[in-house]
There are 2 protein chains.
Amino acid sequence: MAVKIKDVARAAGVSVTSVSRVLNNGEHVSEKLEKKVRRAIEELNYSPSLIAKSLKRNKTNLIGVIIPDITSNFQAMILSRIEEIAGRRGYNLLVSNIVEDTGKVVKYLNIYQEMRVDGMVLMHEKLNGDIENFLNKTDIPLVVHADLGMNLPTVIIDDFQAGYDAASYLIAQGHRKIAMIAGDPRDVCAGLRRMEGYTAACRDHGIGSKETLIRHGDYKLDTGYRLMAELLGEARGEFTAVLAASDDMAAGAVNCIRDHGLHVPGDISVIGFDGSQIADIVRPRLTTIRQPVEQISERTVELLLEMIEDEGESWRKDRMKTVVLGHELVERGSCRRIEA
Amino acid sequence: MAVKIKDVARAAGVSVTSVSRVLNNGEHVSEKLEKKVRRAIEELNYSPSLIAKSLKRNKTNLIGVIIPDITSNFQAMILSRIEEIAGRRGYNLLVSNIVEDTGKVVKYLNIYQEMRVDGMVLMHEKLNGDIENFLNKTDIPLVVHADLGMNLPTVIIDDFQAGYDAASYLIAQGHRKIAMIAGDPRDVCAGLRRMEGYTAACRDHGIGSKETLIRHGDYKLDTGYRLMAELLGEARGEFTAVLAASDDMAAGAVNCIRDHGLHVPGDISVIGFDGSQIADIVRPRLTTIRQPVEQISERTVELLLEMIEDEGESWRKDRMKTVVLGHELVERGSCRRIEA
DNA sequence: CTGAAAGCGCTTACAG
DNA sequence: CTGAAAGCGCTTACAG
C-alpha cells in the first residue's frame with residue numbers, strides 16, 4: 001500500500017486533517033471538500049492504515065482469543081458466536097489454538113499484549129506459574145471461561161452442579177453403579193468440578209464411587225473410545241452407566257460399546273456433556289448436559305466490552321463479575337431406566 | 001500499558017536506540033549495557049508495542065483468514081493446522097467466520113487490508129462483483145482454496161476428478177442409480193466441480209444422471225438429513241446409492257436413512273467427501289474422499305510466506321502457482337456391492 | 001559499541 | 001469550515 005493520507009490530501013488539494021475528518025466523519029466538512037476527498041480516495045484506491053490509527057488512538061479493536069482446540073465442535077460454536085457478536089460491534093478476532101501445549105498459552109498472552117489487543121478471552125483452564133503471573137500483572141481487560149480462583153471476570157456454568165445433576169439423573173433412573181470418563185483434573189471446571197459433582201452425587205445417594213471406575217481424558221472422541229475400552233476390559237459388569245465430561249468422549253464411548261457388541265442404552269447408559277452437535281449425530285442420540293452456548297458467547301463479549309469501554313480502567317478494582325449461566329439436562333436416547 | 005521504550009531507556013540510563021537494540025538482538029551491544037536494559041525491562045514490566053513496531057517496519061506478521069464456517073470440522077482442521085504452522089513461523093491469525101453471509105467477505109477483506117496483514121487466506125468459494133474487484137486490485141499476498149478463475153495463487157484438490165472417482169467407485173460396485181447431495185453450485189469447487197465430476201462419471205458409464213436425483217445444500221449435517229428426507233419422499237426406489245459433497249451431509253443422510261427404518265449400506269449406499277472426523281464417528285463409518293488436510297495447510301502457508309518474503313513483490317507478475325493436491329478414496333462401511 | 005534525530009501514517013487539540 | 005503541527009511508540013540510517 002504505497003498510497004497514504006498525504007497522497008490523498010495532495011490529490012484532493014486539501015490538508016491531511018480534512019482527509020482524516022471525512023474518513024472518520026466526525027466534525028463537519030463542507031460538501032464540496034468531502035466530494036473532492038472521496039473522489040481522490042476512489043481514484044487512488046486508498047486504504048487507510050489501521051495500524052497507524054491504532055497507534056495514535058491507543059486502541060486496536062482487536063480481541064485475542066485463546067482456545068484450547070478449535071476442532072472441538074463445542075469450542076468452535078462458542079468461537080463462532082463470539083466472532084459474530086464482536087464483529088458486529090466492530091472488533092476483530094486474533095485466535096490461537098493451543099492444542100495440548102500449555103506453554104503456548106503464556107506465549108500468546110504476551111503476543112496479544114504486545115499487539116495491544118483491547119481485550120482477551122481465555123478459554124484454557126489449566127494454570128501454571130507463568131500464566132498466573134501474567135494474569136496478575138496485565139492491565140488488559142479479559143474474561144476467562146473457568147473458575148481459576150484468581151478473582152478475574154468469569155463466564156461459566158456451575159460445573160459442580162452440572163456434574164451432580166448428570167449423576168443424579170442416572171441414579172434417579174435406577175443406576176447404582178456409575179463410571180465416569182472425566183476430563184483432566186487440572187482443568188478446574190471441565191475436569192475437576194464436573195467430577196466432584198459426580199462424586200458428591202454418588203456419595204449423597206449412598207452409592208459411593210470407586211476410583212477404578214473413573215478415567216481421565218482430554219475431551220476428544222478417540223479418547224472417549226479408548227477409555228471406554230479400558231473400562232470394558234478392566235471393569236465390565238461393575239457399572240451400568242457412564243457419565244462423560246464431554247459429548248465427544250461420550251460419543252466415542254457409545255461407539256466403543258457398540259463395537260464390543262453391546263447396546264446403548266440396553267446394556268450401558270451413557271450421558272454426555274456440552275450439548276454440541278455431535279450429541280445429535282451419534283445414534284442413539286446422547287442425553288446430555290447442555291451448556292448455553294449463545295449466552296456464554298454473548299455475556300463474554302458484553303462483559304469484555306464493558307471493561308474495554310470503561311475509561312476509568314477500574315475493572316481491576318471493582319469487585320470482579322462472575323456470570324454463572326444455567327445448564328440444562330436434555331433427555332434423548334442414550335440412557336434407560338433400570339430396576340433396582 | 002503506560003511504560004514505553006523511553007521509560008526503559010531512562011530507567012536503564014541509556015538511549016532508546018540501545019533499548020531497541022537489545023530487544024531486537026541484532027547489532028551487538030556490550031554485556032553491561034544489555035544487563036542494565038534487561039533489568040529495567042524486568043522492573044518496569046515493559047511490553048514493547050507491536051503496533052508501533054509494525055508501523056515502522058511496515059510488517060505486521062499477521063495473516064487474515066476468511067473461513068466460511070468454523071464449526072465445520074473439516075474447515076476447523078485446516079484452520080487449526082494453518083494456525084500451528086504459521087505460528088511456528090512467527091505469524092498470528094486474524095480470523096473471521098463468514099457463516100452464509102457472502103457480503104461479509106468483502107467487508108473483512110477490506111478490514112484485513114486496512115489492518116495491513118502480511119497475507120490472507122480465502123477459503124470462501126463464492127465470488128461476487130465486490131470480491132472480484134477487491135481480489136483484482138489488492139497488493140496483499142493471498143492464497144485461495146478454490147479455482148476462482150482469476151489467476152490467483154491456489155491450493156486445491158481436483159474436485160472434478162474427486163467427484164468423478166466417487167461416482168465411479170459406486171458404479172464399480174454395481175450401482176446404476178445414483179443420487180447426489182451436492183453443494184451450492186456457486187461454490188466453484190466444492191459445489192460445482194464435484195457435481196460435474198459425478199455427472200461426467202455417470203455419463204461415461206452410460207447411466208445418465210437425472211436432475212431429480214440431485215439436491216443442493218450447504219455442506220451441513222442438518223441439510224444432509226433434510227435433503228435425504230426429500231429424496232426418500234420424492235424418489236424412493238429410484239436410487240441405490242448417494243454421493244454427498246461433504247461428510248457432514250453424508251452423515252446427516254445416513255442418519256435420515258436409518259430414521260426411516262432403512263439400512264446403510266443394506267438398502268442404500270452412501271459415500272461422503274472430505275475425510276473429516278465425522279466420517280469416523282457415524283455408524284456405519286463413511287466411505288469417503290479424503291482431502292489431504294495436512295498438505296493443504298502446509299502448502300498454503302508455504303506459498304503465502306514465499307510471496308510475503310519475496311521482496312520484489314513480484315507475485316502478481318509471476319505465473320501464478322496453483323498447487324493441486326491428491327485426494328484419496330477411503331473405503332469404510334457405508335457402501336456395498338450390488339448385483340447388476 | 002552507543003546515541004540523537006528523522007520518520008512510519010495517522011489523529012487531534014489549537015488557532016484562524 | 002479548514003489547516004499546520006505535535007505526537008502516538010517504535011526502528012534505523014547516520015555519525016561519532
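The figures that follow rest on heavy atoms only: side chains count, while hydrogens, waters and symmetry mates do not. Below, chain A is the first sequence line, B the second, and so on; all start at residue 1.
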Subject >> Rounded distance in Å - NZ (A:Lys4) to C1' (C:dC8) >> reply: 8 Å

Original post:
For A:Asn24 and C:dT12, what is the distance between atoms CG and P respectively, to the nearest whole Å?
Top reply: 7 Å

Subject >> Residues which pass side-chain hydrogen bond (donor to acceptor under 3.5 Å, both in side chains) with B:Ser49, listed by chain and number, not counting sequence neighbours >> reply: none

**OP:** Figure out the CG/C1' separation between B:Leu23 and C:dG3, and round it to whole Å.
**Re:** 17 Å

Original post:
Partners of B:Thr71 by side chain to side chain contact (heavy atoms under 4.5 Å, CB included), sequence neighbours excluded?
Top reply: A:Asn73, A:Ala76, A:Met77, A:Ser80, B:Asp69

Original post:
Expressed in angstrom and rounded to an integer, what is the separation of B:Glu31 atom CD from C:dC1 atom P?
Top reply: 11 Å

Original post:
Taking only residues two or more places apart in sequence or in another chain, which ones pass side-chain hydrogen bond (donor to acceptor under 3.5 Å, both in side chains) with A:Thr300?
Top reply: A:His145

Subject >> All side chain to side chain contact (heavy atoms under 4.5 Å, CB included) counterparts of B:Asp118, not counting sequence neighbours >> reply: B:Lys59, B:Thr60, B:Asn61, B:Tyr91, B:Ile308

Subject >> d(CE, A:Met115; P, D:dG9) in whole Å >> reply: 18 Å

**OP:** Using heavy atoms and a sub-4.0 Å distance, could you list which residues of residues 5-18 of chain B are near DNA chain C? By number, please.
**Re:** B:Val14, B:Ser15, B:Thr17, B:Ser18

Subject >> Any side-chain donor near an acceptor of the partner, B:Ser15 and B:Ser18, under 3.5 Å >> reply: yes

**OP:** Residues of residues 49-56 of chain B with any non-hydrogen atom less than 4.0 angstrom from an atom of DNA chain C: list those, numerically ordered, please.
**Re:** B:Leu55, B:Lys56

Original post:
By salt bridge (charged side-chain N to carboxylate O under 4.0 Å, His left out), which residues pair with B:Glu294, not counting sequence neighbours?
Top reply: B:Arg81

Original post:
How does DNA chain C look in dot-bracket form if you count Watson-Crick and G-U pairs under 3.5 Å, write [ ] for pairs that cross, and put | where a base pairs with another strand?
Top reply: |||.||||||||.|||

Original post:
Think B:Arg57 has a side-chain N or O under 4.0 angstrom from the OP1 or OP2 of D:dT12?
Top reply: yes

Original post:
With the threshold set at 4.0 Å, does a side-chain nitrogen-carboxylate oxygen contact exist between A:Glu302 and A:Lys321?
Top reply: no

Original post:
Could you state the CD-P distance from B:Gln113 to C:dG9, rounded to the nearest angstrom?
Top reply: 15 Å

Original post:
Going by number, which of residues 33-40 of chain B have a non-hydrogen atom under 4.0 Å from DNA chain C?
Top reply: B:Leu33

**OP:** Take the protein atom NE2 of A:His28 and the nucleotide atom P of D:dG3, then report the distance between them rounded to whole Å.
**Re:** 17 Å

Subject >> Which residues share a side-chain hydrogen bond (donor to acceptor under 3.5 Å, both in side chains) with B:Ser72, sequence neighbours left out >> reply: none

Original post:
Hey, is A:Asp7 close enough to A:Lys4 for a salt bridge, meaning N to O under 4.0 Å?
Top reply: no

Subject >> Whether A:Glu125 side chain and A:Ala190 backbone form a donor-acceptor pair below 3.5 Å >> reply: yes

Original post:
For B:Tyr112 and B:Ile140, which heavy atoms make the closest approach, and how far apart are they?
Top reply: O-CD1, 4.5 Å

Subject >> B:Met150 CE to B:Asn136 CG distance, which is reported to the nearest 0.5 Å >> reply: 4.0 Å

Original post:
With sequence neighbours excluded, what pairs up with A:Asn133 under the side chain to side chain contact (heavy atoms under 4.5 Å, CB included) test?
Top reply: A:Lys137

Original post:
Within this structure, what is the CD-to-P distance between B:Glu114 and C:dC10, rounded to whole angstrom?
Top reply: 10 Å

Original post:
Looking across every strand, which nucleic acid part, if any, lies under 4.0 Å from B:Ser30 by heavy atom: base, sugar-phosphate, or nothing?
Top reply: sugar-phosphate

Original post:
If you take atom types as modelled and just measure distance, does the side chain of B:Arg21 reach the base of C:dG3 with a donor-acceptor pair under 3.5 Å?
Top reply: yes

**OP:** For A:Arg38, enumerate each residue passing the side-chain hydrogen bond (donor to acceptor under 3.5 Å, both in side chains) test, keeping only those at least two apart in sequence or located in another chain.
**Re:** A:Glu34

